[in-house]
Amino acid sequence: MENGKSRLQQVQEDAEEVTGIMLVNMNKANERTGKLGELEDRADVLLAKSKAFEKTANQVKQKKRWENKKMKLVFIGFGVIVALIVLGLIIYAIVDSQRAQ
């Protein structure tokens with residue numbers, strides 16, 4: 001019986017060891033679940049921030065595009081004015097030279 005009793009004790013010790021290991025694993029799994037939840041929350045916040053950034057970037061892009069178009073129009077207008085002044089000077093010079101003759 002002594003041998004049988006020691007086997008029973010050995011099995012009980014093994015069972016307690018396995019129970020301890022299972023508890024440790026369950027605690028680790030719970031910690032992992034908590035960390036995964038935190039990571040998911042951070043991912044949601046990051047997604048929201050990226051959408052806000054995308055919206056702002058598009059607004060800035062449209063603003064810069066409009067500013068670029070305005071600058072082009074200003075340069076075209078300036079070029080037209082300069083061309084009209086040069087054309088006016090040429091016409092004035094031609095008319096003045098014809099009067100002198």
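For reference, positions follow the sequence shown, starting with 1.
- When the side chain to side chain contact (heavy atoms under 4.5 Å, CB included) test is applied to Asp96, no partner is found at least two apart in sequence or on another chain.
- Residue pairs that meet the salt bridge (Lys or Arg N to Asp or Glu O under 4.0 Å) test with at least one member in residues 19-43, sequence neighbours left out, do not exist here.
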Side-chain donor/acceptor pairs under 3.5 Å, residues 69-89, sequence neighbours excluded:
none

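- With contacts defined as side-chain heavy-atom distances shorter than 4.5 Å, the pair Gln12/Leu8 qualifies.
- Test Lys63, Lys64, Arg65 against Lys61 for side chain to side chain contact (heavy atoms under 4.5 Å, CB included) and you get one pass: Arg65.
- Atoms NZ and CG, on Lys49 and Leu47 in that order, are 12.0 Å from each other to the nearest 0.5 Å.
- In this structure, the side chains of Glu54 and Asn58 come closer than 4.5 Å at one or more pairs of heavy atoms.
- Expressed to the nearest 0.5 Å, how far OG1 of Thr19 lies from CD of Glu13 amounts to 12.5 Å.
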